[in-house]
Amino acid sequence: MALYNGPLVTIERFILEQERQFPDATGELSNLLYDFALGAKIVAAAIRRAGLVDILGSAGATNVQGEDQKKLDVLANETLKNVMGHTGRVCVMASEEDEELIPVPPGWPQGKYAVLFDPLDGSSNIDVNAAVGTIFSIYRRNSMEGQGTLADVLQAGARQVAAGYVMYGSSVMLVYTAGQGVHGFTLDPTVGEFLLSHENLRIPEVGMYYSVNESNFARWNRGTQKAVRGFHGDLPERIEGKNSRYIGSLVADFHRNLIAGGIFMYPADTKNVNGKLRLTYEANPMAFIVEHAGGAATDGRRRILDIQPEALHQRTALVIGSIRDVEFVAQIMAETEAEG
Ligand code: AHG
Ligand code: MN
Ligand code: MN
């Protein structure tokens with residue numbers, strides 16, 4: 001009798017098998033993905049014990065966005081910088097928690113990849129033991145040699161070579177794509193390995209859930225309000241009503257919708273005029289993943305992956321998930337705008 005459902009495929013074996021389809025691959029990207037998996041295991045171990053050791057609560061500082069930094073934000077950020085920086089595979093890093101670019105530590109070779117991450121997503125959920133995540137994004141460097149530059153990390157999302165997230169939920173899962181399907185791995189904590197559990201994830205064309213922070217309703221434009229009324233079931237001739245689910249961790253809200261079908265929105269509002277989420281650390285990697293799973297991501301109008309980032313911490317509105325639901329929002333937005 002087998003211990004696991006299905007064949008036993010570690011994340012390392014899976015990545016290596018995928019890479020074998022490309023005869024000229026050097027293995028560096030595979031190793032980089034594996035490095036992220038290691039970082040995730042270290043962060044997961046800390047989160048597991050969060051209530052027992054002194055890592056809950058505020059670190060007493062604010063990050064570049066003026067947001068309160070939690071101790072776990074800092075711990076996750078330091079862990080990822082440490083793991084990713086000492087590999088020889090990256091030339092530069094950027095993190096939601098650091099104002100400036102993060103160079104490779106002195107003495108380490110400059111690799112050919114630029115990596116960006118949101119070390120801990122959904123930090124407001126940490127202290128109440130709800131799901132949080134890590135998001136990462138990988139580009140091939142633009143610059144030819146030496147230290148990586150801003151241009152290496154400010155590439156349009158369509159140029160990502162891989163992206164993924166880790167969800168620290170009732171189990172720990174790593175989901176990634178390197179352009180050949182979206183694959184999910186579940187951490188078996190007893191052996192400390194990520195094992196393949198969700199091969200080739202596809203998001204349903206129409207979802208059953210919508211996820212949005214409706215406390216912002218009065219601050220949205222009319223198009224956004226109308227689209228959400230559609231999700232309530234108020235436009236039955238245009239769209240069937242949906243069920244509402246919102247945790248407040250992009251990773252967890254996105255993951256549910258990826259598996260069950262649904263749409264997540266963080267629209268612009270009068271307080272967050274450019275939206276709240278960050279293009280480089282949050283929207284782009286999730287957009288890359290959702291498109292490779294058959295879904296879509298826009299800022300309400302434009303495809304996220306086509307936006308040329310201009311600043312490291314640039315924000316964007318985000319509408320992401322099942323393709324027909326994302327199209328519905330874009331149509332309503334365009335119609336409402338045309339009405340003036
Ligand atoms: P982070 O913890 O990395 O700052 O991200 C929080 C983000 C995102 O995960 C979530 O979707 C959104 O903020 C929730 O915002 P509201 O509390 O305004 O709904
Ligand atoms: Mn985040
Ligand atoms: Mn964060």
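Numbers here simply count residues along the sequence, with the first being 1. We count ligands from 1, going down the list as the structure has it; atoms in each ligand are counted the same way.
- For ligand 1, the atoms closer than 4.0 angstrom to any heavy atom of E282 are 3 (O), 5 (O).
- Listed for the R315 side chain is a donor-acceptor partner under 3.5 Å among the backbone atoms of K276.
- Put simply, part of S249 is less than 4.0 Å from ligand 1, judged by heavy atoms.
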**Request:** Apply side chain to side chain contact (heavy atoms under 4.5 Å, CB included) to the pair I320 and V326, showing each step before the final yes or no.
**Result:** CA-CA 6 Å; I320 188 166; V326 173; 5.5 Å; no
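- Taking every non-hydrogen atom of D118 and a distance limit under 4.0 Å, the qualifying atoms of ligand 1 come out as 3 (O).
- When the N, O or S atoms of E282 are ranked by distance to the Mn ion (ligand 2), OE2 comes first.
- The N213 neighbourhood of ligand 1 comprises atoms 16 (P), 18 (O), 19 (O), with distances under 4.0 Å to a heavy atom of that residue.
- Cation-pi geometry between R256 and Y209 is satisfied (NZ or CZ under 6.0 Å from the ring centre, within 45° of the ring normal).
- Of all atoms in ligand 1, numbered sequentially from 1 with element shown, those under 4.0 Å from a heavy atom of K276 are 12 (C), 13 (O), 14 (C), 15 (O), 16 (P), 17 (O), 18 (O).
- Of all protein N, O or S atoms, those under 2.8 Å from the Mn ion (ligand 3) number 3.
- Between S95 atom OG and L116 atom CG the span is 9.0 Å, to the nearest 0.5 Å.
- Under a 4.0 Å N-O distance rule, the pair E205/R324 qualifies as a salt bridge.
- Using a 4.0 Å cutoff on heavy atoms, L277 counts as a contact of ligand 1.
- The shell of residues lying under 4.0 angstrom from ligand 1, judged by heavy atoms, includes L120.
- For ligand 1, the polar-atom distance check against G122 finds a nitrogen or oxygen pair separated by under 3.5 Å.
- Near Y246, meaning under 4.0 Å from one of its heavy atoms, ligand 1 places the atoms 14 (C), 15 (O), 16 (P), 19 (O).
- Not one N or O of S124 is nearer than 3.5 Å to an N or O of ligand 1, by distance alone.
- Using a cutoff of 4.0 Å between basic side-chain nitrogens and carboxylate oxygens, D234 and K226 are not scored as salt-bridged.
- A donor atom on one side chain and an acceptor atom on the other are not found under 3.5 Å apart for Y266 and T316.
- With contacts defined as side-chain heavy-atom distances shorter than 4.5 Å, the pair V251/M286 qualifies.
- At a 4.0 Å cut-off, not a single heavy atom of Y281 sits close enough to ligand 1 to count as contact.
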**Message:** Please determine whether side chain to side chain contact (heavy atoms under 4.5 Å, CB included) holds for the pair Y210 and Y246, giving the CA-CA distance in whole Å, both sets of side-chain angles, and the decisive distance to 0.1 Å.
**Reply:** CA-CA 8 Å; Y210 77 97; Y246 188 77; over 6 Å; no
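- Any N or O atom pair closer than 3.5 Å counts here, and L250 shares at least one such pair with ligand 1.
- Under 4.0 angstrom from ligand 1, the non-hydrogen atoms of R278 all belong to its side chain.
- Within a 6.0 Å sphere centred on CZ of R140, other residues, nucleotides and ligands contribute 12 heavy atoms or fewer.
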